[in-house]
Amino acid sequence: MSGLAILIPVALLMGLAGLAFFFWAMRNGQFEDLDGAAQRVLIDEEAPADRTPSDDEDVRGKANNAEA
């Protein structure tokens, strides 16, 4: 029974903290552009101009040789 005297206030404080963080995120605009974030996941970014696919192959080749 004494455990409930500790757990209930702790649960209420955690719930209030979560609610406070939610309202803080709302006020700071974290939920303004949900569709844009979903679309950015699907966009393929181009590789930097100074790197070529052969550079990646060289790196993988060196890593494979280092493991052996």
Side-chain angles (χ1 to χ4, degrees):
M1 194 66 168
S2 64
L4 288 178
I6 294 171
L7 291 176
I8 290 174
V10 169
L12 290 173
L13 287 174
M14 289 176 64
L16 288 173
L19 191 62
F21 283 125
F22 173 74
F23 284 127
W24 172 81
M26 289 286 294
R27 188 174 53 241
N28 287 326
Q30 295 291 318
F31 302 110
E32 291 295 322
D33 187 21
L34 296 177
D35 291 331
Q39 294 296 324
R40 281 192 298 273
V41 171
L42 301 174
I43 297 173
D44 288 334
E45 294 182 12
E46 293 183 16
D50 60 338
R51 294 195 49 92
T52 62
S54 62
D55 291 340
D56 293 335
E57 291 171 3
D58 291 341
V59 170
R60 276 186 252 134
K62 290 177 184 175
N64 288 340
N65 290 337
E67 292 174 2

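All values reported here derive from a predicted model rather than from experimental measurement.
Here L7 is tied to no hydrophobic group at all, with no ILVMFWY side chain closer than 4.5 Å. M14 belongs to a hydrophobic cluster whose other members, connected by ILVMFWY side-chain contacts under 4.5 Å either directly or through intermediates, are I6, V10.
Counting heavy-atom neighbours within 6.0 Å of D35 CG, excluding the residue itself, gives a total of 12 or less.
By the side chain to side chain contact (heavy atoms under 4.5 Å, CB included) test, I8 pairs with L4, L12, sequence neighbours left out. With sequence neighbours excluded, the residues satisfying side chain to side chain contact (heavy atoms under 4.5 Å, CB included) with R27 are W24. Evaluation of the side chain to side chain contact (heavy atoms under 4.5 Å, CB included) rule for A11 yields no partner, not counting sequence neighbours. Looking at residues two or more places apart in sequence or on another chain, you find no ring-ring contact (aromatic ring centres under 6.0 Å, His included) involving F21.
Taking CD of Q39 as the reference point, atom CG of L34 lies at 12.0 Å (rounded to 0.5 Å).
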